Amino acid sequence: MAPVTPAILSALADGVTAITPNRRLARQLLRDFDRAQQARGHVSWRSATVLPYTTWLETLWRRSTDVAADMSAMTLLTSAQSLHLWRAIVDAAQADLLDPAGAARLAADAWALIHGWGAGGESWRAWRRDADFADDPAVFATWAETYSREMHRSGALDFAQLPDVLALHARRLAPGALRAMFVGFVELSPQQQRLIVALTSQGADIGAAESLPERTPTASRTASASTREEIIAALVWARERAKERPDARVGIVIENLARHRDEVLRLADELLCPELLLPEQLAMRRPYEVSLGTALAEVPLVLAALGLIALGEGQLPVGEVASLLRSPYLPAADTAWPGRAAIERDWLESGQRDVALSDVIAAAQQRSPELAARLHGARDALRKGAGASPREWADAWRTWLSAAGWPGSLTLDSVEHQAREAWEALLADFVRLGMVAPRLTRADALRTLRAFAQDRVFQPEGSDAPIQLLGLLEGSGLVFDALWVAGLSADRWPPAPTPNPLLPLHWQRECSVPRATAEGELEYARALTARFAMAAPEVVFSSAAAVDDLPLAPSALLLEYPECTSPMPAARTWTHTIARSATLECVVDDHAPPVAAGTIIAGGSGIVAAQSDCPFQAVARHRLGVKPWPPALAGLSQMERGKLLHATMAAFWNALRDHASLALLDASARATHIEAAVARGFTELTAARWRVLPAIVRAGEAQRVATLLGAWLPLELSRPAFTVVGTEIKTTLELAQLRLSLRIDRVDALDDGGVVIIDYKSGRSEQPRQWFDERPRASQLGLYTLATPAAEAASPVRAVAYAQMRPDAIKAIGLAADAGAWPDLTELSALDRFPDWGDLETWWRTRLGALAVEIAAGWAVVAPRKSPSPCRYCGLQAMCRIDSVQLADDEERADE
Ligand code: SF4
């Protein structure tokens with residue numbers, strides 16, 4: 001295993017403190033030092049002192065407060081405290097910003113750059129007065145002035161100012177015995193140099209050391225077809241290196257790792273530890289470690305805590321609360337989560353968009369009573385009152401979380417334990433906020449807590465895994481046995497400059513501020529490339545040949561390295577390999593259990609229609625109770641609108657009863673009847689449902705239904721005289737061995753004999769010529785016809801019709817035995833198919849009976865009607881997997 005240079009190891013053994021730009025290099029130095037001691041046969045040794053730069057500053061600060069009373073009177077703000085102060089200043093400025101939090105972060109960065117790369121003075125003051133400067137620096141200068149004043153007033157300083165304060169008081173630090181070396185820094189800022197000069201002038205011995213060993217670079221470069229292929233090649237290469245030498249330290253550095261993190265981790269799991277595909281291996285230790293942490297707010301355990309706190313404080317969107325209810329960090333989650341997950345469906349179906357704690361408790365009464373009881377009991381722990389100190393808020397949140405059962409009843413693993421510790425540290429930091437914000441409102445407290453969690457990076461303790469996946473900065477200065485640096489295409493390397501928009505450009509240029517200029521970025525990229533080339537005996541630089549069909553060249557900085565053909569054969573992921581190599585076994589599974597004779601089957605006419613459209617859909621929907629996931633609605637659902645229309649039509653005819661009464665109404669009486677019918681029909685939805693809908697939705701829907709009804713009535717008037725026999729008639733039909741429960745929208749008795757069956761449709765209806773496919777369409781009217789003789793034996797059916805209630809096409813569509821039954825409908829003889837109505841009923845009895853036999857036998861093949869395809873509105877694709885079958889067919893055809 002490649003260690004850092006012997007010079008560094010010997011200096012560490014000699015008691016010199018190593019200062020590193022980041023925590024990762026500090027960890028590597030410590031590990032290398034300990035291994036070197038073991039290799040020399042030592043059984044005990046004095047620990048090396050290796051500190052990241054900011055930690056070293058803190059130790060100097062603590063030393064200064066020990067020896068100087070005036071310095072101990074000052075408070076060193078944490079980064080979170082100073083960011084909060086910036087946010088307060090930005091908010092108070094009322095600058096009408098789109099993203100005040102982002103502006104506060106930029107301001108904090110600008111403040112750090114001024115101190116790190118400026119001459120140590122208060123340069124922002126000039127920007128405030130100089131009319132030549134652009135708006136943003138002038139605004140920043142005002143904010144900086146306020147920040148500076150506030151710091152002065154409260155006797156505080158921050159990390160940006162700390163090195164200069166320490167330099168100023170270097171003599172009082174008595175640094176005579178201080179021996180330190182800066183290791184692995186690409187460049188030192190002027191502020192760091194000022195501090196070093198001040199300390200060395202007082203006798204300190206501070207130098208710089210290169211962590212990379214002297215060697216002749218042997219790097220090569222390669223290119224892959226795409227970014228994905230490039231990452232796969234790097235991972236396979238790393239896997240082979242780790243296999244060849246199990247003690248090797250293998251690195252993969254990825255430019256813009258943050259952007260590709262999720263894909264990199266997915267591929268790393270597949271290629272480096274495919275055992276994870278097996279469920280019982282979930283807790284296995286991965287052979288790789290990724291340097292880039294995630295925001296603490298996105299760590300599931302903390303996400304659950306933040307969600308519970310937010311729920312205790314007010315309303316949240318349904319999706320957010322639903323994901324909280326599925327969290328494993330609630331009590332008894334392992335057994336109770338399916339019931340809790342179903343609550344989301346209840347909310348979506350009832351059209352709720354935001355829910356409060358009381359809604360959660362009410363919904364959980366049915367689905368997860370133990371959770372409802374716990375949350376109900378925990379409510380007392382919630383803090384009353386609008387404002388409190390950060391400590392009081394933190395105490396209340398801790399009590400509420402504990403009463404609500406967070407973090408659940410499962411045993412936490414190591415990473416979860418670390419997340420919990422990070423959460424406690426976050427709350428402790430929040431409490432410290434009292435120094436700059438003695439009192440916070442409920443909304444401010446919650447917003448600040450969330451911002452803290454979002455800004456804090458959670459990186460579980462390193463496992464010293466053999467393969468390290470790193471970002472450019474984290475990888476710089478580390479030593480490896482083999483290193484792959486990916487993502488170095490010409491458009492990304494050197495990176496485009498990203499100057500801080502709050503600082504004048506010319507100032508950033510003059511001060512050589514990092515990331516500010518193209519020249520600076522070129523120098524930086526050149527230096528980093530050279531360092532990477534030295535970081536291992538075997539180094540590969542790579543780039544993608546195209547991204548999104550855009551051809552890319554490798555970075556010009558790589559051209560000096562020899563090109564190699566891909567050092568690894570093109571590799572596929574395991575899932576791809578398994579999918580491609582598997583010999584699929586064909587299992588015929590097209591039958592559900594049969595239905596016992598005489599059973600009243602659920603679904604009524606719907607199951608017959610579904611069986612005709614697609615047998616699998618009928619079984620899944622009506623026998624297994626599968627429903628597609630409801631969409632999030634802003635108003636009424638399609639089903640609710642259909643219900644309201646049906647109920648209004650029924651209410652209208654229940655009141656009016658016949659054609660003659662309708663004919664007697666003048667326009668105003670007709671409008672009154674319509675209004676009354678709408679009012680009665682709208683009671684179909686519960687008061688609770690109407691309460692969660694905006695009043696405008698109800699008013700708009702009432703107007704829509706009234707307009708439809710008003711537009712339909714002239715068609716009724718033009719019909720031969722009738723009397724409504726019944727609406728919403730419940731009946732049963734025995735077909736083959738099945739008993740179907742049916743509900744017929746309306747049956748009219750014609751004055752000259754016989755009945756007409758009407759079914760209201762808010763969608764488009766099919767014309768009678770389309771009804772008589774091999775597998776019947778419009779089966780509903782057929783079933784109603786077969787069921788009606790039983791109820792109306794004395795009155796034969798003379799017509800069946802869909803009342804199509806679409807605003808753009810209101811009409812009656814159906815079949816009539818003779819023109820006198822309903823002249824607007826198609827007369828049976830026009831079909832040239834059935835000599836008389838009896839033949840039509842026989843056809844229906846035979847074909848619908850055959851469907852009933854299929855249902856009874858459990859026939860469940862995935863065989864949707866070709867045209868019109870029922871799949872468009874079905875929503876069960878995830879279960880029937882028709883799409884994968886079609887995809888496989890397409891692939892087969894493509895292979896032929
Ligand atoms: S999506 Fe199509 S194939 Fe699948 S169940 Fe529905 S109708 Fe049948």
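Here, residue 1 is the first one in the sequence, and each next residue gets the next number. Counting convention: from 1, in listed order, for ligands and their atoms alike. Quick caveat: nothing in here was measured; it's all calculated off a predicted structure.
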- Message: Distance check, rounded to the nearest 0.5 Å: Leu324 atom CG versus Arg340 atom CZ?
- Response: 10.0 Å
- Message: Under 4.0 Å from a heavy atom of Val862: which atoms of ligand 1 are those, numbered in the order shown and with their elements?
- Response: 3 (S)
- Just say parallel, tilted or perpendicular for the rings of Phe834 and Phe772, cut-offs at 30° and 60°. perpendicular
- Atoms of ligand 1 under 4.0 Å from any heavy atom of Phe616, numbered from 1 in the order shown, are 5 (S)
- Those atoms of ligand 1 less than 4.0 Å from some heavy atom in Cys880: 1 (S), 3 (S), 4 (Fe), 5 (S)
- Just which atoms of ligand 1 are under 4.0 Å from any heavy atom in Cys614? 3 (S), 5 (S), 7 (S), 8 (Fe)
- Query: Does a side-chain N-to-carboxylate-O contact under 4.0 Å join Asp808 and Arg764?
  - Reply: yes
- Query: atom 4 (Fe) of ligand 1 to Cys874: any N/O/S contact under 2.8 Å?
  - Reply: no
- Task: Measure from the side-chain N and O atoms of Thr683 to the backbone N and O of Arg680, and report whether any donor-acceptor pair falls under 3.5 Å.
- Result: yes
- Task: Just jot down the ligand 1 atoms closer than 4.0 angstrom to any heavy atom of Gln617, in number order.
- Result: 5 (S), 6 (Fe), 7 (S)
- Message: For a distance under 2.8 Å, tell me if Cys871 has an N/O/S atom near atom 8 (Fe) of ligand 1.
- Response: no
- Query: Are the aromatic rings of Trp822 and Phe722 close, with centres under 6.0 Å apart?
  - Reply: no
- Item | Rounded distance (nearest 0.5 Å) linking atom CD1 of Ile744 with atom CD1 of Ile758 | 11.5 Å
